[in-house]
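Labels below follow one simple rule: chain letters A, B, ... track the order of the sequence lines, proteins then strands, and each chain is numbered from 1. Quantities reported herein were computed from a predicted structural model and do not represent experimental measurements.
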Number of protein chains: 2
Amino acid sequence: MTQLTLEEPRTEAELMARAKRLAGLTVGELGDRLGVPVPESTRRAKGLAGQLVERFLGASAGSRDAADFQAIGVELKTLPVDVRGRPKETTFVCTIQPNRMAQLDFEDSPCWHKLQRVLWVPVEASDAGPLPGRRLGTPILWSPTAEERRVLQDDWERVAARIAEGGLDEITSRLGDALQVRPKAASAAARQRVPDAEGFQWHNPRGFYLRTDFTARVLSRIR
Amino acid sequence: MTQLTLEEPRTEAELMARAKRLAGLTVGELGDRLGVPVPESTRRAKGLAGQLVERFLGASAGSRDAADFQAIGVELKTLPVDVRGRPKETTFVCTIQPNRMAQLDFEDSPCWHKLQRVLWVPVEASDAGPLPGRRLGTPILWSPTAEERRVLQDDWERVAARIAEGGLDEITSRLGDALQVRPKAASAAARQRVPDAEGFQWHNPRGFYLRTDFTARVLSRIR
DNA sequence: CAGGATCCACTATTGGATCCCG
DNA sequence: CGGGATCCAATAGTGGATCCTG
């Protein structure tokens, strides 16, 4: 697998200039340019399109917990959309650190940090057809409006409160208008130690996700 | 079938006093009081509960196109709700007269007239169990808020505009946030003459319906 | 394990079709 | 036919489970 390393863009303008060259390209074509074979199915390559886009745009963070474009504080999200441009899936934001929620303000949370400036790259996946043929859309650079922030903060604080009261067991994915908490792991068997009042407990790792409705409104507002 | 004729209530207070006696009664018990046998299934008796309630409350209009309680201008709607009190179905409002929409203001429409003051009578139908055992809930007297009226009027005017542009064929039940247009007939084969520019056309009769979400918000706001 | 996400069985909702009565 | 509505097959949505890479 050839490793085409690209430099990280140093301004938003530079990033967007590069990002606009993505629009209209297929995932297969993008793979060709980067020397990465693209399988027919996403089933065993769920994050591949996202990783190709990362590389094409020169994202720096890798697996570290930092913005994809550190220098300019921009997070990258590729998301599957249908023919009308509507997201087909929820969007993963970050993992949740249950024991830290209580001591943190929303402003200082990893969740809010990630969402302050996001470059959305749509991938057409209307029919869930072959991955190489799926086409990339026009990228959208977004920051939450005051209203959107309010909704996100409300949801985040409800989660924090619920954990403080009853622990992680009280959290269901039904909570939250825009932001929900769901499993984030290789399998249901995965476990992580979570400190609590009596020492710690084992839990299935979880993450924050943006509901489809929320991102749909975000995208349609901007277009 | 014994015909217990009741007088029409002359004030809202009188109506509500009578309506409150419904709460807690089963449809079977109501049928007994009125001398009407109540079948197990609603499949061949879809409007029966509504008609029993009408009679118990002394509704006057019968099959005429007028408010159920003419003297006091109140429309009666019984609607099936689940255990949480949420409506399970859309609510029929009135039939649509396509050729009249263009000449009418919303204020003067049969649709708006019917919705200005409604007595909602919930019927518990959580499991769609035997009709005689279903219990009536606490009635709610409602008028649209300014916001609710705005939503209804927007929907109504979008329907009117669409008909003016492209005729009844352009109307789909997907139109409208709160108010939708759907078939209202004994079968898909039913046809009625609708006057148009070139004389008339035959169409499947249709009616205005309130979406479940809308009535759900109405009921929860009041409770 | 944290990062990149999608899969897919199940539930909820939609909306075209339908039923009784006077 | 217009009044009283519900039925139910098909579609959309939800959310628990899962997959690859570095």
Which whole-number value in Å describes the distance from D213(A) CG to dG13(D) P? 7 Å
Would you kindly give the CG-to-P distance between D177(A) and dG13(D), to the nearest whole Å? 17 Å
Please confirm whether the shortest side-chain N or O distance from T91(B) to OP1 or OP2 of dA5(D) is below 4.0 Å. no
At less than 4.0 Å, is any side-chain N or O atom of R182(B) found next to OP1 or OP2 of dG15(C)? Yes or no. no
Report yes if a side-chain nitrogen or oxygen of T95(A) is closer than 4.0 Å to either non-bridging phosphate oxygen (OP1 or OP2) of dG3(C); otherwise report no. yes
Measure the distance from OH on Y209(A) to P on dA17(D) and round it to the nearest whole Å. 12 Å
Report yes if a side-chain nitrogen or oxygen of T42(A) is closer than 4.0 Å to either non-bridging phosphate oxygen (OP1 or OP2) of dC7(C); otherwise report no. yes
Salt-bridged, R221(B) to E148(B), with N to O below 4.0 Å? yes
Would you mind reading off the distance between K77(B) atom NZ and dA5(D) atom C1', rounded to a whole angstrom? 8 Å
According to the interplanar angle, ranging from 0 to 90°, do the rings of F106(B) and W112(B) count as parallel (below 30°), tilted (30 to 60°) or perpendicular (above 60°)? tilted
When you get a sec, tell me which of dT21(D), dG15(D), dT18(D) is the closest nucleotide to the side chain of S173(A)? dG15(D)
Backbone N or O of F92(A) within a donor-acceptor pair of the K77(A) side chain at under 3.5 Å? yes
I want to verify a distance call: between dC7(D), dT13(C), dG15(C), whose nearest atom is closest to the R86(B) side chain? dT13(C)
Check the distance between dC1(C)'s P and F92(A)'s CZ and give it to me in whole angstrom. 14 Å
For a quick test of reading the model: is some side-chain N or O of K88(B) closer than 4.0 Å to OP1 or OP2 of dT6(D)? no
Remember a base hit wins even if backbone is also touched, and classify G47(B) as base, sugar-phosphate or nothing at under 4.0 Å, heavy atoms. base
Residue met sooner reading DNA chain C from 5', once C94(A) and V123(A) are mapped to nucleotides: C94(A)
Give one of base, sugar-phosphate or nothing for T212(A), where a contact means two heavy atoms less than 4.0 Å apart. nothing
R86(A) side chain to V81(A) backbone, donor-acceptor under 3.5 Å: no
Across the strands shown, which category fits P205(B) at heavy-atom distances under 4.0 angstrom: base, sugar-phosphate, nothing? nothing
At less than 3.5 Å, do the side-chain atoms of K46(A) and the base atoms of dG3(C) form a donor-acceptor pair? no
Looking only at the side chain of K184(A) (C-beta and beyond, no hydrogens), which of the listed nucleotides dG4(D), dT6(D), dG3(C) gets closest? dG3(C)
Please classify the nucleic acid contact of A190(A) as base, sugar-phosphate, or nothing, using heavy-atom distances under 4.0 Å. nothing
Please determine, for the side chain of E89(B), which listed nucleotide (dC7(D), dA5(D), dC7(C)) has the closest atom? dC7(D)
Taking CZ from R43(A) and P from dA9(C), how many angstroms apart are they, rounded to a whole number? 11 Å
Answer yes or no: is there a side-chain heavy-atom contact under 4.5 Å between P87(B) and L219(B)? yes
Check this one for me: any side-chain N or O of S187(B) less than 4.0 Å away from OP1 or OP2 of dC19(C)? no
Take atom CZ of R174(B) and atom C1' of dT14(C), then tell me their distance rounded to the nearest Å. 8 Å
Assign each of S41(B) and A189(A) the nucleotide of DNA chain D bearing its closest heavy atom; nearer the 5' end lies the nucleotide of S41(B)
From the list dC19(D), dA5(C), dT18(D), which nucleotide is the closest neighbour of the side chain of A188(A)? dT18(D)
Name the nucleic acid region contacted by Q97(A), choosing base, sugar-phosphate or nothing; use a 4.0 angstrom heavy-atom cut-off, strictly under. nothing
Looking across every strand, which nucleic acid part, if any, lies under 4.0 Å from A186(A) by heavy atom: base, sugar-phosphate, or nothing? base
note: R206(B), atom CZ; dG2(D), atom P; distance rounded to Å ~ 14 Å
Could you check whether the rings of F214(A) and W142(A) sit parallel, tilted or perpendicular, using 30° and 60° as the cut-offs? perpendicular
Heavy atoms, side chains only, cut-off 4.5 Å: are L210(A) and L179(A) in contact? yes
So does Q180(A) get a side-chain nitrogen or oxygen closer than 4.0 Å to the phosphate oxygens (OP1/OP2) of dG15(D)? yes
Pick the nucleotide of DNA chain C nearest each of R44(B) and T90(B); which residue has the one closer to the 5' end? T90(B)
